Amino acid sequence: MYALVDANNFYVSCERIFQPKLEGRPVIVLSNNDGCAIARSNEAKALGIPMGAPWFKLKSIAEKHGIVALSSNYALYGDMSNRVTSVLRLFSPRVEVYSIDESFLQLDGLIGLWPTYGDLGHAIRERVKMWTGIPVGVGIAPTKTLAKLANHLAKKRPEFHGVCDLNALTREERRSYYISLDVSDIWGVGRRTAEKLHRLGITNVDAFRLTSPKYLREQFGVVVERTACEVRGISCIELEEVAPAKQQIVSSRSFGYMVTSLHELVEAVSTYAGRAAEKLRKGGQVCTGVHVFVETNPFREQDAQYSNGMNVSLAESTDDSRRIVAAALYGLKRIYRDGYLYKKAGVMLLNLGSADVRQASLLFQHDDRSEKVMSVLDSINGKFGRNTMFLGSSGIEQSWAAVFEHKTPKYTSRWDELPVASA
DNA sequence: TCTGGGGTCCTAGGACCC
DNA sequence: TCTGGGGTCCTAGGACCC
């Protein structure tokens with residue numbers, strides 16, 4: 001048995017813990033650059049604010065209804081996420097952290113401690129709320145896909161009070177819920193698959209469940225076949241307690257304004273490549289390739305459009321920021337074209353491998369000081385804060401950096417931004 | 001004026017091997 | 001006049017997830 005524990009409107013809930021006056025009000029959290037709404041409180045959803053709606057289109061209705069818009073505060077959300085996870089680990093030794101706001105728990109063997117799975121679900125919900133302040137929903141079922149579906153019901157149907165154990169329902173109750181759910185509510189059925197299923201006359205979850213997995217495989221491939229088995233109660237997707245090693249690391253960002261000069265792109269790409277290299281070392285990995293890309297703003301149809309990318313191979317596998325930045329800048333200088341308004345750039349690290357089994361190069365003299373220099377860099381930044389020490393090519397003013405106009409404090413992760421309690 | 005960021009997996013097609 | 005069968009590896013693009 002699996003439980004899927006998913007926070008309600010997670011980013012908004014994090015903000016509300018430190019600004020209780022936002023309870024009951026419509027609140028949205030914006031993406032980087034205050035671009036789009038990426039989290040919405042129930043009140044904001046009720047006002048019809050769609051997921052991903054651009055903020056500039058929402059401003060007027062936001063003013064009219066008193067919607068509070070906040071810039072994203074990932075330092076806060078990451079820290080709150082870790083707190084929620086640590087509470088979940090007290091309930092089950094087998095936890096898969098699936099995303100910043102949801103985790104799967106394997107429940108087998110735990111049920112002796114609680115009268116029913118539902119009671120266990122309610123205990124999880126109450127303790128997470130009490131200890132972290134974050135409201136969560138719990139879905140319980142014999143497969144991960146069904147646990148996701150149960151979680152969906154737990155949140156949407158008030159009769160469940162935030163906890164839905166699919167097995168506790170009668171066959172008829174389950175069937176009537178399945179009929180009420182669209183195929184697109186199934187985990188793994190996205191827009192394209194849902195459209196085609198509808199064309200085939202398979203519109204709700206019950207109809208999907210009754211369709212033969214073999215037929216679905218012919219129509220869609222193995223992924224949808226696997227989903228079909230999961231919906232039938234046959235577990236095909238295992239719990240991943242230990243996150244598998246990354247295959248790719250990306251660091252990219254939209255600019256605060258249109259960038260035209262190579263000089264600014266060099267600063268940005270250098271910053272992103274440095275950030276990607278940090279992630280690489282944190283995961284104990286090395287890479288042998290760097291992809292760099294730039295693009296103009298596709299929404300501005302009146303502007304000349306250009307987007308391009310380039311793969312640069314490294315002479316030997318490395319996690320050294322200096323080499324990775326140099327490779328990224330080498331590529332950037334080849335794809336840069338004068339005269340365009342650039343909106344975004346990014347760096348991907350490719351062909352990742354473990355730093356423990358580094359392949360030496362026949363032709364390249366390895367610099368033995370590299371590991372030491374990088375470990376000094378990381379420990380200084382770890383101790384004194386990110387970007388205390390950085391490569392000069394990243395620039396200092398970084399005028400192109402993204403803009404956050406509605407920023408909230410890093411309440412839980414910086415001494416000088418701690419919330420103050422007053423009498 | 002203003003539209004996010006970071007991932008995985010699968011498949012088809014091309015290049016290559018014997 | 002006529003041109004096989006069985007594979008692997010790589011890449012780009014699409015679909016999905018949060």
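Proteins get letters first, then strands, A, B, ... in listed order; numbering begins at 1 in each. Worth knowing before you read on, the calculation uses all heavy atoms, side chains too, and leaves out hydrogens, waters and symmetry mates. Quick caveat, the model's predicted, so the values are computed rather than measured.
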Item to complete: Go through residues 64-87 of chain A and report each residue with a non-hydrogen atom lying under 4.0 Å from DNA chain C, sorted by number.
Response: none

Discussion item. Does this structure show an ion pair linking A/Asp206 with A/Arg175, if we count only N-O contacts that are shorter than 4.0 Å?
Written reply: yes

Fill in: Criterion side-chain contact (heavy atoms from CB on, under 4.5 Å) on A/Val250 and A/Val347, from CA distance to verdict
CA-CA 6 Å; A/Val250 178; A/Val347 170; over 6 Å; no

Worksheet, complete the sentence: Within residues 294-320 of chain A, those residues having any heavy atom closer than 4.0 Å to DNA chain C are none

Practice prompt. For DNA chain C, note the earliest and the latest nucleotide, 5' to 3', having some atom under 4.0 Å of a heavy atom belonging to chain A.
Written response: C/dA15 to C/dC18

Discussion item. Quick check on side-chain hydrogen bond (donor to acceptor under 3.5 Å, both in side chains): which of A/Asn32, A/Asp34, A/Asn33 does A/Ser71 satisfy it with?
Written reply: A/Asp34

Worksheet item: Should the pair A/Lys148-A/Glu102 be classified as a salt bridge under the 4.0 Å nitrogen-to-oxygen rule?
Response: yes

Discussion item. Centre-to-centre under 6.0 Å for A/Tyr74 and A/Tyr11, is that the case here?
Written reply: yes

Discussion item. Could you check whether A/Arg226 pairs with A/Glu230 (Lys NZ or Arg NE/NH1/NH2 to Asp/Glu carboxylate O, under 4.0 Å)?
Written reply: no

Worksheet item: Do you know the tightest heavy-atom contact between A/Ala228 and A/Phe208?
Response: CA-CE2, 3.7 Å

Item to complete: For B/dG4 and C/dC17, measure between their C1' atoms and round to the nearest Å.
Response: 15 Å

Response to the item:
By nearest-heavy-atom nucleotide on DNA chain B, the more 5' of A/Ala245 and A/Lys59 is A/Lys59

Item to complete: Scan A/Asp101 against the nucleic acid and name what it touches under 4.0 Å (heavy atoms): base, sugar-phosphate only, or nothing.
Response: sugar-phosphate

Item to complete: Please confirm whether A/Phe104 and A/Trp187 have ring centers closer than 6.0 angstrom.
Response: yes

Worksheet entry | Atom pair NZ/CD1 of A/Lys333 and A/Ile335 - distance to nearest 0.5 Å | 12.5 Å

Worksheet item: Could A/Glu43 and A/Arg16 be called an ion pair, given the rule that one side-chain N must be under 4.0 Å from one carboxylate O?
Response: yes

Item to complete: Give a yes or no on whether a salt bridge exists between A/Arg323 and A/Asp320, defined as a side-chain N under 4.0 angstrom from a carboxylate O.
Response: no

Discussion item. I'd like to know if the side chain of A/Asn381 reaches the main chain of A/Met389, judged simply by a donor and an acceptor atom lying under 3.5 Å from each other, with no hydrogens or angles considered.
Written reply: yes

Discussion item. Counting Watson-Crick and G-U wobble pairs with both distances under 3.5 Å, what is the dot-bracket string for DNA chain B, 5' to 3', using [ ] for crossing pairs and | for pairs to another strand?
Written reply: ....||||||||||||||

Worksheet item: Does A/Ser379 reach the main-chain N or O of A/Ser375 with its side chain, forming a donor-acceptor pair under 3.5 Å?
Response: yes

Worksheet item: Under the ring pair (Phe, Tyr, Trp, His ring centres under 6.0 Å) test, which residues partner A/Phe160, sequence neighbours left out?
Response: A/Tyr177

Practice prompt. Classify the nucleic acid contact of A/Ile249 as base, sugar-phosphate or nothing, counting any heavy atom under 4.0 Å across all strands shown.
Written response: sugar-phosphate

Discussion item. Quick test of your reading of the model: are A/Glu96 and A/Lys144 salt-bridged, counting only N-O distances below 4.0 Å?
Written reply: yes

Discussion item. Counting the atoms with a prime plus P, OP1 and OP2 as sugar-phosphate, which does A/Met258 contact under 4.0 Å by heavy atoms, base, sugar-phosphate, or nothing?
Written reply: sugar-phosphate

Worksheet item: Heavy-atom contacts under 4.0 Å between residues 203-223 of chain A and DNA chain C, which residues?
Response: none

